[in-house]
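A short write-up of the structure that comes next.
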Amino acid sequence: MSAAEGPLVVGVDTSTQSTKALVVDVATGRVVASGQAPHTVTSGAGRESDPRQWWDALCEALRQCGDAAREAAAVSIGGQQHGLVTLDERGEPVRPAMLWNDVRSAPQARRLVEELGGPKAWAERTGSVPGASFTVTKWAWLAEHEPESVRATKAVRLPHDYLTERLTGQGTTDRGDASGTGWWASGTEAYDEETLAHVGLDPALLPRVVRPGEVAGTVREHHDLPFSKGTLVAPGTGDNAAAALGLGLRPGTPVLSLGTSGTVYAVSRHRPADPSGTVAGFADAHGDWLPLACTLNCTLAVDRVAALLGLDREAVEPTTEVTFLPFLDGERTPNLPAASGLLVGLRHDTSAGQLLQAAYDGAVHSLLGALDLVLDADADRSAPLLLIGGGARGTAWQETVRRLSGRPVQVPEAKELVALGAAAQAAGLLTGEDPAAVARRWNTTAGPVLDAVERDEAALARIAGVLSDAAPLLERGSRAR
């Protein structure tokens with residue numbers, strides 16, 4: 001390892017399918033070592049993972065980082081949001097964690113919205129109208145279907161909380177990740193007693209919400225990681241809030257993230273409250289807000305379509321007639337948790353490449369439809385759209401976003417922005433800086449800007465028309481579960 005100019009920190013991204021760790025030089029932002037290890041996720045009706053796998057993957061990712069990880073002065077964990085982690089009196093998982101893309105709790109979500117005042121009341125209280133992704137709905141599902149698991153539960157955590165607690169021995173979370181639970185009130189920035197009482201969750205089971213810039217704890221003596229006892233541990237946060245830190249976002253800059261899920265978001269000074277439920281009114285990790293819209297089907301769904309067609313993911317061909325709504329895992333935006341994929345306009349001369357392009361179009365349409373709702377009224381609609389996530393470097397994804405958005409697109413060269421954002425948060429503990437300012441100093445958004453092209457209004461109108469016409473069919477599937 002070459003000599004670093006400043007102290008080293010570790011940033012971690014524990015995502016749906018793997019854990020990634022970066023060792024970063026605080027002075028320059030240079031990644032001096034990295035590692036990655038996979039997780040498994042169940043298929044079928046539920047989407048679950050054993051939290052102990054996340055710890056094993058963290059250990060392996062840090063092992064791959066070598067001696068650099070041993071020199072780290074601070075560490076922070078960014079993680080997949082919403083997951084329900086239930087722990088017993090020994091801190092061991094009661095059952096596998098229900099993940100963000102587990103939509104079995106859709107009936108509980110509808111019932112909770114109705115029972116606690118309707119969408120407007122929820123938006124005003126928590127900033128969001130909970131769908132099946134939100135943690136509160138998963139707890140309600142668990143109480144209904146596995147009451148013995150609820151009785152055995154002595155602590156409730158989110159995925160990033162679980163790993164932070166194994167590092168420090170303290171149950172903590174942060175405002176960014178807590179805002180995706182459905183039981184944290186954005187108006188008071190505290191756990192909502194009415195919601196917790198309604199779902200039968202004792203607030204004593206929940207972690208302490210650590211303030212931005214506060215030390216969550218220090219690495220305890222007995223652990224399996226290469227950190228020294230006393231290494232500082234930052235609060236950590238949810239993956240989208242961590243990526244926002246990693247980009248050093250200023251208010252109004254739009255981000256479109258292409259991963260297993262797709263998201264659009266921007267930092268805002270104003271507390272969001274969208275009663276339609278399209279925009280989740282999340283908090284960010286440093287005192288502002290992160291209005292965000294999320295789709296369940298993005299790169300994984302499009303890759304699945306490519307595999308079914310026997311095509312490389314880049315083998316797209318222009319299409320003017322075929323419409324494909326790739327809702328393979330149900331959908332969150334629009335809120336159709338039990339929907340499936342829908343193909344319209346298939347003809348004898350339709351090619352496989354056109355079908356694949358239609359899947360890209362359907363995935364991007366859902367995200368762009370929420371973009372205007374995410375941005376504040378005074379945001380610059382002509383500013384480049386920051387394109388991040390695993391799909392951002394794919395030509396087919398880039399060209400689809402350009403064509404359907406009509407905006408210039410900037411693709412940051414920095415990789416693993418969730419882990420970089422966690423590293424910036426850890427660096428802030430050492431330097432006293434705002435983590436977003438740390439990331440700006442690291443110049444993490446540097447990358448090519450692709451010029452705007454004329455927006456494909458015909459494709460947008462065609463997809464919107466199919467979605468509107470098919471709504472009764474798609475909603476019928478949602479009500480059936």
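Because only heavy atoms are used, hydrogens play no part in the values below, and waters and symmetry mates are left out as well, while side chains stay in.
The aromatic rings of His39 and Trp54 sit tilted, their planes meeting at an angle between 30° and 60°.
Looking only at atom types and distance, the side chain of Gln170 has no donor-acceptor partner in the side chain of Thr172 under 3.5 Å away. Between the side chains of Thr135 and Thr181, not a single donor N or O lies within less than 3.5 Å of an accepting N or O. No side-chain donor from either of Thr237 and Asp177 sits under 3.5 Å from a side-chain acceptor of the other. Side chains of Ser128 and Thr126: a donor-acceptor N/O pair is absent below 3.5 angstrom, by distance only.
No side-chain heavy atom of Arg455 sits less than 4.5 Å from a side-chain heavy atom of Arg403. At least one side-chain heavy atom of Val219 sits less than 4.5 Å from a side-chain heavy atom of Val233. Side-chain atoms of Val85 and Val156, non-hydrogen and from C-beta on, never get closer than 4.5 Å to each other.
Environment of CZ in Arg250: sparse, with no more than 12 heavy atoms of neighbouring residues, nucleotides or ligands closer than 6.0 Å. Within 6.0 Å of atom CZ in Arg211, 12 or fewer heavy atoms from other residues, nucleotides or ligands are found, so the atom counts as exposed in its surroundings. In this structure, Arg304 places its CZ atom where only 12 or fewer heavy-atom neighbours from other residues, nucleotides or ligands lie under 6.0 Å away. For CD of Glu193, the number of neighbouring non-hydrogen atoms (other residues, nucleotides, ligands) closer than 6.0 Å is 12 at most.
Taken to the nearest 0.5 Å, the CG atom of Leu225 stands 11.0 Å off from the SG atom of Cys65.
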Could you go through the side chain to side chain contact (heavy atoms under 4.5 Å, CB included) check for Val267 and Leu290 one step at a time? CA-CA 5 Å; Val267 170; Leu290 197 72; 3.9 Å; yes
Apply side chain to side chain contact (heavy atoms under 4.5 Å, CB included) to Trp289 and Ser186, showing your working. CA-CA 10 Å; Trp289 302 93; Ser186 62; 3.7 Å; yes
Please test Leu196 against His198 for side chain to side chain contact (heavy atoms under 4.5 Å, CB included), starting from the C-alpha separation and ending with a verdict. CA-CA 5 Å; Leu196 292 172; His198 189 80; over 6 Å; no
List the steps, then state whether side chain to side chain donor-acceptor pair (under 3.5 Å) holds for Thr260 with Gln17. CA-CA 9 Å; Thr260 304; Gln17 299 180 73; 2.9 Å; yes
Go through it in stages, so that I can follow the logic: the residues are Asp329 and Arg47, the test is salt bridge (Lys or Arg N to Asp or Glu O under 4.0 Å), and I'd like the CA-CA distance, side-chain angles, deciding distance and then a yes or no. CA-CA 10 Å; Asp329 283 322; Arg47 294 290 187 274; 2.8 Å; yes
Going through the distances and angles, do Thr263 and Asn240 end up as a side chain to side chain donor-acceptor pair (under 3.5 Å)? CA-CA 8 Å; Thr263 56; Asn240 291 296; 3.3 Å; yes
Apply side chain to side chain contact (heavy atoms under 4.5 Å, CB included) to the pair Thr42 and Leu99, showing each step before the final yes or no. CA-CA 10 Å; Thr42 61; Leu99 304 185; over 6 Å; no
Could you go step by step and tell me if Ser15 and Gln80 meet the side chain to side chain donor-acceptor pair (under 3.5 Å) rule? CA-CA 5 Å; Ser15 65; Gln80 55 176 308; over 6 Å; no
Side chain to side chain donor-acceptor pair (under 3.5 Å) for Asn297 and Thr295? Distances and angles first, verdict last. CA-CA 6 Å; Asn297 298 278; Thr295 64; over 6 Å; no
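For Gln398 (side chain) and Thr395 (main-chain N/O), no donor-acceptor pair under 3.5 Å exists by modelled atom type. With hydrogens and angles ignored, the 3.5 Å screen pairs a side-chain donor or acceptor of Thr168 with a backbone N or O of Thr164. No donor-acceptor pair closer than 3.5 Å links the side chain of Arg407 to the backbone N or O of Val401. A donor-acceptor pair is defined here as one N or O able to donate and one able to accept, closer than 3.5 Å; no such pair exists between the side chain of Thr173 and the backbone of Pro207. Checked by atom type and distance alone, the side chain of Trp139 pairs as donor or acceptor with a backbone atom of Val199 at under 3.5 Å.
You'll find the ring centres of Tyr360 and Trp397 inside the 6.0 Å limit. In this structure, Phe327 has its ring center at least 6.0 angstrom away from the ring center of His365.
Residues Gly246 and Thr444 share a closest heavy-atom pair of O-OG1, 2.5 Å. The two residues Pro275 and Ala273 have their closest heavy-atom pair at CD-O, 3.3 Å. Residues Val210 and Pro235 approach most closely at CG1-CG, 3.7 Å, considering heavy atoms. Thr195 and Gly182 get closest at one heavy-atom pair: CG2-O, 3.6 Å.
One finds a salt bridge joining Arg111 and Glu144 here, because a Lys/Arg side-chain nitrogen approaches an Asp/Glu carboxylate oxygen to under 4.0 Å. Residues Arg402 and Glu399 are paired through a salt bridge, judged by an N-O separation under 4.0 Å between the basic side chain and the carboxylate. Ion pairing between Asp284 and Arg175 holds under the 4.0 Å rule for side-chain N and carboxylate O. With respect to Lys138 and Asp102, no salt bridge is recorded, no charged nitrogen being found less than 4.0 Å from a carboxylate O. Salt-bridge check for Arg104 with Glu48: passed, with a basic side-chain N closer than 4.0 Å to an acidic carboxylate O.
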